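This report refers to the structure that appears directly beneath it.
The sequence lines fix the lettering, A, B, ..., with proteins before strands; numbering per chain opens at 1. Just so you know, these numbers come straight off a predicted model, no measurement behind them.
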Amino acid sequence: GAGVSQSPSNKVTEKGKDVELRCDPISGHTALYWYRQSLGQGLEFLIYFQGNSAPDKSGLPSDRFSAERTGGSVSTLTIQRTQQEDSAVYLCASSLGGKGNQPQHFGDGTRLSIL
Amino acid sequence: GDSVTQMEGPVTLSEEAFLTINCTYTATGYPSLFWYVQYPGEGLQLLLKATKADDKGSNKGFEATYRKETTSFHLEKGSVQVSDSAVYFCALVGDYGGSQGNLIFGKGTKLSVKP
């Protein structure tokens with residue numbers, strides 16, 4: 001497709017379950033970013049990939065969060081043993097490179113609700 | 001660390017009114033500055049950007065000038081329309097060596113334009 005695609009668009013799950021969120025970036029974009037948007041915290045950066053590598057994972061909120069990217073394309077964000085504070089909209093963005101002057105293009109997000 | 005502060009909303013204006021949304025930043029070096037917009041039910045979209053001091057970004061009648069001396073990037077539009085109703089986010093990408101190119105966002109300002 002022409003834009004960044006995220007799935008699922010909505011996910012409702014019970015506390016303690018694991019969830020996997022998927023991001024398919026724009027073709028040819030080497031940089032990929034995950035953000036989280038919540039009422040209390042606004043828009044927070046989670047993790048960045050250049051190609052398949054994530055040089056710094058310190059933005060992930062806890063060790064229950066992990067992410068990977070394969071083939072320089074699709075990325076998955078996994079949350080294990082979900083907690084209610086994980087409820088948020090998870091956004092993925094991609095850009096041509098990791099430099100600040102390259103605009104980031106966002107997907108529509110996955111709305112995650114933990115019951 | 002780097003941060004962005006933008007005026008609290010909500011902002012309610014009548015159609016054809018003048019709009020200013022204030023944004024100031026704290027950052028080392030020369031960050032790149034952005035305004036993103038989120039229309040109701042839609043994803044984040046880049047509205048405009050400026051990558052060096054005194055640059056003016058513009059799009060859809062909106063403008064913002066990168067002011068290094070006041071560390072500001074205020075968003076302006078001369079005559080707003082109902083269709084401009086959205087949440088506006090000011091953001092920066094850091095210029096320092098350890099930057100991952102991630103966006104650092106302000107809290108967002110909700111704009112409602114009444115006919």
Side-chain angles (χ1 to χ4, degrees), chain A residues 1-7 9-10 23-26 29-51 53-60 67 69 88-111, chain B residues 1-10 23 25 27-53 55 57 59 64 66 73 86-110:
Chain A
V4 176
S5 178
Q6 291 187 245
S7 61
S9 54
N10 282 284
C23 173
D24 200 342
I26 293 171
H29 281 194
T30 59
L32 185 147
Y33 301 83
W34 283 98
Y35 297 88
R36 178 168 73 172
Q37 185 175 23
S38 59
L39 278 175
Q41 301 298 322
L43 276 153
E44 306 170 83
F45 166 66
L46 298 179
I47 193 168
Y48 155 67
F49 287 90
Q50 180 58 44
S53 299
D56 184 349
K57 300 181 180 180
S58 61
L60 294 174
R69 188 179 185 193
V89 178
Y90 290 81
L91 297 170
C92 176
S94 70
S95 67
L96 274 173
K99 300 295 184 183
N101 58 2
Q102 298 288 346
Q104 294 180 27
H105 301 266
F106 283 80
D108 288 339
T110 294
R111 183 175 297 276
Chain B
D2 294 357
S3 66
V4 174
T5 302
Q6 63 181 103
M7 63 187 286
E8 298 279 331
C23 172
Y25 67 90
T28 54
Y30 294 87
S32 296
L33 303 176
F34 303 83
W35 278 98
Y36 277 80
V37 59
Q38 192 169 34
Y39 297 103
E42 299 185 17
L44 274 169
Q45 301 175 26
L46 177 65
L47 181 60
L48 52 83
K49 69 172 185 177
T51 57
K52 61 182 188 292
D55 268 2
N59 187 23
Y66 188 143
F73 193 54
V87 181
Y88 292 82
F89 294 91
C90 186
L92 68 81
V93 172
D95 179 43
Y96 55 94
S99 171
Q100 300 184 73
N102 56 287
L103 289 158
I104 296 170
F105 288 92
K107 295 289 189 186
T109 302
K110 183 175 182 180

Worksheet item: Heavy-atom distance under 4.5 Å to chain B: side chain of Ile47(A), backbone, both or neither?
Response: neither
Worksheet item: Crowded around Glu42(B) CD? As in, over 12 foreign heavy atoms under 6.0 Å?
Response: yes
Item to complete: Count the heavy atoms belonging to other residues, nucleotides or ligands that lie under 6.0 Å from OH of Tyr30(B), then report whether that count exceeds 12.
Response: no
Check whether [X] gets within reach of chain A through its side chain, its backbone, both or neither, counting any heavy atom under 4.5 Å.
{"X": "Gln38(B)", "value": "side chain"}
{"X": "Leu103(B)", "value": "both"}
{"X": "Leu46(B)", "value": "side chain"}

Discussion item. Nearest 0.5 Å, please: how far is OH in Tyr35(A) from CD1 in Ile104(B)?
Written reply: 9.0 Å
Worksheet, complete the sentence: CZ of Phe105(B) to CD of Gln37(A), rounded to nearest 0.5 Å, is 8.5 Å
Worksheet item: Which atoms form the tightest heavy-atom contact between Leu44(B) and Phe106(A), and what is the distance?
Response: O-CB, 3.6 Å
Item to complete: Write down the atom of Lys49(B), the atom of Pro103(A), and the distance for their closest heavy-atom approach.
Response: NZ-CD, 3.9 Å
Worksheet item: Would a distance-only check, ignoring hydrogens and angles, find a side-chain to backbone donor-acceptor pair under 3.5 Å from Tyr33(A) to Gly101(B)?
Response: yes
